[in-house]
Amino acid sequence: GTSYGCRLASTSRKRGWVMKAEAIELPDRTTLTAFLALSLIGGMNVVAVKLSNEALAPLFGAATRFSAAAALFFIVMAVRRIPLPRGRALVGAALYGVLGFAVFYALAYWALVELSAGVGAVVLASVPLLTLAFVALHGVETVHRRGLLGAMLAIVGIAVLVSGPSDARVAVLPLLAAIGAAASGAESGVIVKMFPPSHPVAMNAVGMGIGSILLFLFSAAFGESWTMPTVSSTWVAFGYLVTLGSVGLFGLFLFTLKRWTASGVSYMTVLMPIVSAGPVRCCWANRSLHRSSSAEPSCWRASTSERCPGE
């Protein structure tokens, strides 16, 4: 009971863990603004990844994206003289990179080759539920029934949002890969809370650097073709993914996670499908229709394979 909880909290502090026995609290205005921006960028990323996967091998595309973003973070570190994490903080940054970049994006990129953005959105909506399971397992937060109910309702709500008439079958292996990606992403956020804090720029530089190296190794092991895109549309999507979609997204992610609970931040995956399944996908679809008369490659046409809301 209470005495056990006190002993666990004491042991966790000695190990350098951060123990927070609290329910999900509303963030302040700055944190809420960062959270909403995080959700918007993440939703746009789903569409951009679908486009980049049409011209880049999935694992190679993820590896190239994060190696470029890591280089930008290391440049910022050098200019601002930000030190590298050390000791347990370095271990935490390494685990964050392995789970949050190598494992998550290896599975997610491969899954998105076969799965529709709608199915991917439903799987991503399970991240809050998985996060609640992991924070309870690690003793980082106290899980309440309201949180569990809210997480389950989020999955149902997103399923309704992206549902529609379709004859397409969902492939089992890509679906399992997407679920594995969701679990890995959920655990990476909890890992950040469990280890001593690092500067967000340094943690992302180390995490992305390690993650990109592993992704290059995965790509080589699967025999992917290491060729860069030859059309401007794919370069636009790739450039967005490196800058706003990686540097911006994960800078905001660690900033928000530092100021809020892991379970609270995980709800960004519930808002992301609203972006990826609606206005942004329609925007890309309109651009693809506009360019279809000029022999534009299939990556643009792929984004119109699902009807936009209202069509």
Would you tabulate the side-chain donor-acceptor contacts of residues 173-181 under 3.5 Å, counting partners in other chains and residues two or more places apart, or write 'none'?
none

Could you pull out all donor-acceptor pairs under 3.5 Å where a side-chain atom in residues 58-65 meets a protein atom, sequence neighbours excluded?
unit_1, atom_1, unit_2, atom_2, d
T64, OG1, F60, O, 2.7
R65, NE, L241, O, 3.4
R65, NE, S246, OG, 2.6
R65, NH1, Y109, OH, 2.9
R65, NH2, G245, O, 2.8
R65, NH2, S246, OG, 3.3

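If you look at F216 and W226, their ring centroids are closer than 6.0 Å. You'll find the ring centres of Y96 and F195 outside the 6.0 Å limit.
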Check your understanding: Given R259 and T30, is the side chain to side chain contact (heavy atoms under 4.5 Å, CB included) satisfied, shown in steps?
Key -> CA-CA 9 Å; R259 300 167 65 98; T30 300; 3.7 Å; yes
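The structure places OG of S263 at 11.5 Å from CG of L129, a figure rounded to the nearest 0.5 Å.
Ring geometry for H138 against F134 counts as tilted: the plane angle lies between 30° and 60°, on a 0 to 90° scale.
Formation of a donor-acceptor pair under 3.5 Å by the K258 side chain with backbone atoms of K193 is not found in this model. The main-chain N or O of L99 is found under 3.5 Å from a side-chain atom of S184 such that the two form a donor-acceptor pair. For the pair S39 (side chain) and F35 (backbone), a donor-acceptor distance under 3.5 Å is present.
One hydrophobic cluster, built from ILVMFWY side chains closer than 4.5 Å, holds both L84 and V98. Both V76 and V247 sit in one connected hydrophobic cluster of ILVMFWY residues. Membership requires side-chain heavy atoms under 4.5 Å apart, directly or through other members. When hydrophobic clusters are built by joining Ile, Leu, Val, Met, Phe, Trp and Tyr residues whose side-chain heavy atoms come closer than 4.5 Å, directly or via intermediates, L252 is grouped together with L244. Side-chain heavy atoms closer than 4.5 Å link hydrophobic residues (I, L, V, M, F, W, Y) into clusters, and following such links, possibly through other members, connects F250 to L72. Linking ILVMFWY side-chain heavy atoms closer than 4.5 Å, directly or via other members, places M77 and M208 in a single hydrophobic cluster.
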